[in-house]
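Computed over heavy atoms, backbone and side chain alike; hydrogens, waters and symmetry mates excluded. For this chain, numbers begin at 1 and follow the sequence in order.
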Amino acid sequence: MDLWGVYLFHLITLALLEVILAGRDCLVAGDSCSSDEACSPRLRTLRQCVAGNGSVKLGPGARSQCANAVSALLSSPLHGCQCKRGMKKEKNCLSIYWSLHQSIIHGLNLVESYPYETVHRDYDYVRLASITADSDVGMTTVNRCLDAAKACNVDDLCQKLRTEYVSACIKPTAKSGLCNRPKCNKALRRFFDRVPADYTHELLFCPCTDTACAERRRQTIVPSCSYESVEKPNCIPQMRICNADYVCRSRLSQFQYDCEPSKTSANGCKQGNYGACLLAYTGLIGSTITPNYIDNSTSSVAPWCSCSASLSRGEDCDHFLGYFTDNICLRNALMTFGSESEQQPTVSQSHSPSSGHSSRENRSTASPPETIETMRNILDTIIPTQALGNELLVGQSTLPSNSLPNSASPPSLMLQAAFSLLLFLLHLLNNGH
C-alpha cells in the first residue's frame, strides 16, 4: 500500500471511530427514548425503581414492573450508551447512564460499570522532552518532572488551566482566611479533564529519586486545600458522598474497572491497559475521594481517609482502600510509567486543544485542503443530521407498546452511515486513488 493508501486507511479508522462513538452518546440515546411513546414510559418506570433504592410509588407489583422495564430498555439505544469525561452536560449524560446501569436493581445485576468512552491516542514523552531541549543544551541527565513543568508552561491550554487551579487552591477567602476547597477542586477537575494526558500524566507521575522532588510531585494538586484536614475521615462516609454524586460515582466505577487487578494477567491488570488505569486514577482528583502520594519517601498512593473505625463495614472499607494501597495493577502502572522514557500507546479522554497545541499535534498529519473538503462532502451526504434522525424516530413512535424502536434510532443510522463511508473509501483504495 502506497503512502496515499496508508493515509486514507488512517482516515477511514478515525471517521468510523468518531461516528460510532457519537452514536453511543447517552444524551442522544436519552433524547431518542424520551421522544418515543414506547420507550419513554419504561424509562420513567425504571427511574422510579432506582429513586431512593425503593419502589413505594409503583405498588405491590413493583419488582415485576422494574424487571419488565429493564428487559425492554436493554433492547433500546440506552443500552450500551456512554459519556465523555469532562463533556458539557456530563452530569445529565451520566444520570441517563445510571438510570439503566445501577449495580443492583431489585436483584437484577447489571455489571456494566464503565460509563466513559475510550479514545485511543499515542503518548509521546520524547515530544514533550524535545519542547525544552533547546534550553537544556549541555545537560547530561534527564529530569522528567522539570521537563513536564516546562512542557506545560509552553502549551497554552496546559499553562492556562494549571495557573487557574493553583490560583484557586492557594488563594484564601476573605471570610475565613482558608482556601475555597470547592472552587479548588472544580479547577483541578477542569485541568485533568481538559488537558491531554501527555502533560497531566508527566506532571503527576514523573519519577523522582530524592525527597525534594517527591514532595514537589505530591504538592502538584495542592493537597492542603484540595483534600487534607486535621484528621483523616473514615472512608465509608466519603464513599457514601461519592456514590450520591453521578460524576464521582462514575469516576470511581471507571477506576475500579480500568485498574482492576488480576493475578493471571501478564501486567497485573485485568483490562491490560496501564494508560487507561492512570487516566481513570486522575479522574478521581477533585472529588471527595481524591487520591495522592501518601508521603515524599515512597510512590504509594491513597485517598485521604482511613478504615480505623469502620465497625460493621470494615470489609467494604478495606476493599475500597485496597484498590489504592494494595493494587498490583495500579502499582505496576505507576512504576512502569516512571521507569519508561518512551511510553507505549495509552488511552486518553477526548480533548479540544488550544490553537497552539492543536497546531503542534497535527503538524505531521496535515492533509491537502481538497482532501478534507472531499471528506466533508462525503460525510454531509451519507450521515443524517440529528434533526433527520429525530424525524425518523418520531415517525416510528406508533409501534406497539411491547416493542422499542431501536432499528431507526440515530445510533443505528450513524452506524449504517459509517459502513457506507467505509465501502466508499475502500472503493477509492481499490481504484488506486
Side-chain angles (χ1 to χ4, degrees), residues 83-95 115-116 148-149 152-153 155-197 199-205 215-235 237-255 278-294 301-305 324 348-354 357:
C83 303
K84 291 184 177 69
R85 178 174 144 180
M87 67 185 290
K88 289 183 178 179
K89 298 184 178 179
E90 180 182 1
K91 187 170 290 188
N92 292 347
C93 184
L94 292 171
S95 71
Y116 292 107
C152 182
N153 284 338
D155 178 81
D156 293 339
L157 183 67
C158 187
Q159 192 273 339
K160 177 178 179 291
L161 295 186
R162 189 183 182 205
T163 300
E164 284 183 7
Y165 89 71
V166 170
S167 177
C169 294
I170 65 174
K171 184 179 180 180
T173 58
K175 187 175 182 179
S176 66
L178 303 175
C179 74
N180 188 327
R181 177 163 293 180
K183 187 176 180 180
C184 170
N185 283 326
K186 182 178 180 180
L188 277 169
R189 290 194 299 271
R190 179 178 165 89
F191 176 77
F192 283 100
D193 284 350
R194 298 195 179 186
V195 177
Y199 296 92
T200 60
H201 285 192
E202 277 296 329
L203 284 169
L204 198 59
F205 306 128
E215 181 58 24
R216 286 193 298 271
R217 182 180 62 183
R218 194 183 76 84
Q219 291 293 331
T220 298
I221 61 173
V222 197
S224 61
C225 182
S226 60
Y227 65 84
E228 282 183 347
S229 55
V230 177
E231 293 186 5
K232 285 186 179 181
N234 185 272
C235 293
Q238 301 298 97
M239 292 166 58
R240 190 180 299 119
I241 294 171
C242 180
N243 283 322
D245 178 80
Y246 283 127
V247 175
C248 187
R249 182 203 302 180
S250 300
R251 302 297 177 91
L252 178 58
S253 294
Q254 195 74 40
F255 170 72
L278 293 181
L279 184 67
Y281 172 96
T282 63
L284 294 171
I285 295 173
S287 72
T288 56
I289 53 173
T290 295
N292 196 18
Y293 297 98
I294 61 175
V301 296
W304 185 257
C305 64
F324 300 90
S348 175
Q349 70 268 36
S350 300
H351 170 61
S352 299
S354 59
H357 177 76

Under a 3.5 Å distance rule, please check whether Asn180 uses its side chain to pair with a backbone N or O of Thr173 as donor and acceptor. no

When you measure from the SG of Cys225 to the SG of Cys169, is the result less than 2.5 Å? no

Might you point out which heavy atoms bring [X] and [Y] nearest each other, and give the distance in Å?
X      : Y      : result
Ser287 : Leu284 : OG-O, 2.6 Å
Pro233 : Gln238 : CG-CD, 3.9 Å
Tyr199 : Cys158 : CB-SG, 3.9 Å
Gly286 : Arg189 : O-NH1, 2.6 Å
Tyr293 : Val301 : CD2-CG1, 3.8 Å
Val195 : Leu161 : CG2-CD1, 3.9 Å

Non-hydrogen side-chain atoms of [X] and [Y] separated by less than 4.5 Å:
X      : Y      : value
Leu204 : Ile221 : yes
Phe191 : Ile285 : no
Arg190 : Lys186 : no
Ile289 : Cys305 : no
Ser226 : Cys184 : yes
Leu188 : Asn185 : yes
Leu279 : Arg85  : yes
Phe205 : Thr282 : yes

Rounded to the nearest 0.5 Å, what's the gap from [atom1] on [X] to [atom2] on [Y]? Could you check?
X      : Y      : atom1 : atom2 : answer
Cys83  : Lys91  : SG    : NZ    : 13.0 Å
Met87  : Asn92  : CE    : CG    : 9.0 Å
Arg249 : Met239 : CZ    : CE    : 12.5 Å
Glu215 : Thr220 : CD    : OG1   : 10.0 Å
Phe192 : Tyr281 : CZ    : OH    : 9.0 Å
Cys248 : Leu94  : SG    : CG    : 11.5 Å

Residues Arg251 and Asp193 bridged, charged N to O under 4.0 Å: yes

May I ask you to say whether Arg194 pairs ionically with Glu90, meaning some side-chain N is under 4.0 Å from a carboxylate O? no

Can you classify the ring geometry of Trp304 versus Tyr227 as parallel (below 30°), tilted (30 to 60°) or perpendicular (above 60°)? tilted

side-chain hydrogen bond (donor to acceptor under 3.5 Å, both in side chains) for Ser250 and Gln254? Distances and angles first, verdict last. CA-CA 6 Å; Ser250 300; Gln254 195 74 40; over 6 Å; no

